[in-house]
Each structure stands twice: as structure tokens, then as C-alpha cells.
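Beneath this line is the structure, given in C-alpha cells, with notes to follow.
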Amino acid sequence: MPRRTISLSDTAAQDLRRGRDHDPHPDVRERCAAILKIAAGESPHHVARAGLLRPRDPDTVYSWLGRYQGEGIAGLRQHRHGGPRRGHL
């Protein structure tokens, strides 16, 4: 199966760099960094396993790539998930 890649316009790369460096949400910063690394030629699997601050499931990075390709940077921001919600005291 061929490697999934992405080509970015200058504007798209600039938007992703801005998101990676300045977004208030760490998960969005991580997703932007992953897309930039894939655009730079790294495989999504390698990015998932060794290219981020902590290892991720490759399927997770592939889903980020798919969302970005379908919805742009807004897709990386809209589909944020966290752990289980804790009740308030």
C-alpha cells in the first residue's frame, strides 16, 4: 500500500505552523505538528511512534491526517476529545 502524504500550500503550512506554535490547546498544537512532519516527508506511522512528544497509535495520526485533508485546520480544532469527564464537587 502506498504511503499517505500531503502537499501543503505556503498559506496552509503557515497556518499549521501558527497553530503548532500558538494555539491555546496542546492537543491542537500536537496535531498541527504531526501534519507538518507528514508534509515534510515523514511517514504517518513514524510520526505516530517516534515523531511526537509521546507515542500515539498510528490510526490516531491517520485520522488527524484525514480530518485535515477533509476539513482543513478547523477539523483539527473541532474534533477534540479528552478523557472521561469528572464530576464537579
Side-chain angles (χ1 to χ4, degrees):
M1 176 153 63
R3 178 191 298 186
R4 286 184 60 188
T5 61
I6 188 169
S7 296
L8 299 175
S9 67
D10 290 337
T11 304
Q14 184 178 19
D15 289 342
L16 284 167
R17 283 191 296 271
R18 190 177 306 115
R20 177 196 65 194
D21 296 340
H22 301 291
D23 197 274
H25 303 287
D27 56 325
V28 175
R29 292 193 304 265
E30 178 182 37
R31 293 170 185 191
C32 290
I35 301 301
L36 285 167
K37 287 181 180 217
I38 294 167
E42 293 186 42
S43 75
H45 189 274
H46 179 264
V47 170
R49 291 298 183 196
L52 301 171
L53 289 176
R54 58 182 249 213
R56 298 288 181 183
D57 185 324
D59 289 338
T60 300
V61 174
Y62 281 110
S63 71
W64 296 345
L65 179 58
R67 281 193 209 122
Y68 181 77
Q69 288 176 316
E71 304 172 41
I73 198 165
L76 300 178
R77 289 185 175 122
Q78 290 173 351
H79 296 278
R80 298 177 58 236
H81 297 284
R85 300 291 185 247
R86 294 183 359 178
H88 296 282
L89 293 179

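Just so it is clear, the values below take in all heavy atoms, side chains as well, and ignore hydrogens, waters and symmetry mates. All residue numbers refer to positions in the sequence shown, counting from 1.
With sequence neighbours left out, R20 forms a side chain to side chain donor-acceptor pair (under 3.5 Å) with no residue at all. Listed by chain and number, the residues in a side chain to side chain contact (heavy atoms under 4.5 Å, CB included) with D10 amount to none (sequence neighbours excluded). By the side chain to side chain donor-acceptor pair (under 3.5 Å) test, R18 pairs with D15, sequence neighbours left out. Residues that satisfy the side chain to side chain contact (heavy atoms under 4.5 Å, CB included) test with S7, not counting sequence neighbours, are absent from this structure. With sequence neighbours excluded, the residues forming a side chain to side chain donor-acceptor pair (under 3.5 Å) with E71 are H79, listed by chain and number. Scanning for side chain to side chain contact (heavy atoms under 4.5 Å, CB included) contacts around S63 gives R67, with sequence neighbours left out. Residues satisfying the side chain to side chain donor-acceptor pair (under 3.5 Å) test with R4, not counting sequence neighbours, are Q69.
Of all non-hydrogen atoms in R56 and R49, the two that sit nearest each other are O-NH1, 3.6 Å. P58 and A48 get closest at one heavy-atom pair: CA-CB, 3.5 Å.
Here the straight-line distance linking atom CD1 of I73 with atom CD of Q78 works out to 11.5 Å at 0.5 Å rounding. Here CG of L76 is found 5.5 Å from SG of C32. Values are rounded to the nearest 0.5 Å. Atom OG1 of T60 sits about 9.0 Å away from atom CZ of R31, to the nearest 0.5 Å.
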Side-chain atoms of residues 33-44: list all donor-acceptor pairs with protein atoms under 3.5 Å, sequence neighbours left out, distances to 0.1 Å.
{"from": "K37", "atom 1": "NZ", "to": "G51", "atom 2": "O", "distance (Å)": "2.6"}
{"from": "E42", "atom 1": "OE1", "to": "H46", "atom 2": "ND1", "distance (Å)": "3.1"}
{"from": "S43", "atom 1": "OG", "to": "H46", "atom 2": "N", "distance (Å)": "3.0"}

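Cluster annotation: I6 is connected to L16 through the hydrophobic network of ILVMFWY side chains, with a link wherever side-chain heavy atoms come within less than 4.5 Å.
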For this session: Kindly determine whether Y68 and L8 satisfy side chain to side chain contact (heavy atoms under 4.5 Å, CB included), including the steps that lead there.
Result: CA-CA 11 Å; Y68 181 77; L8 299 175; 3.7 Å; yes
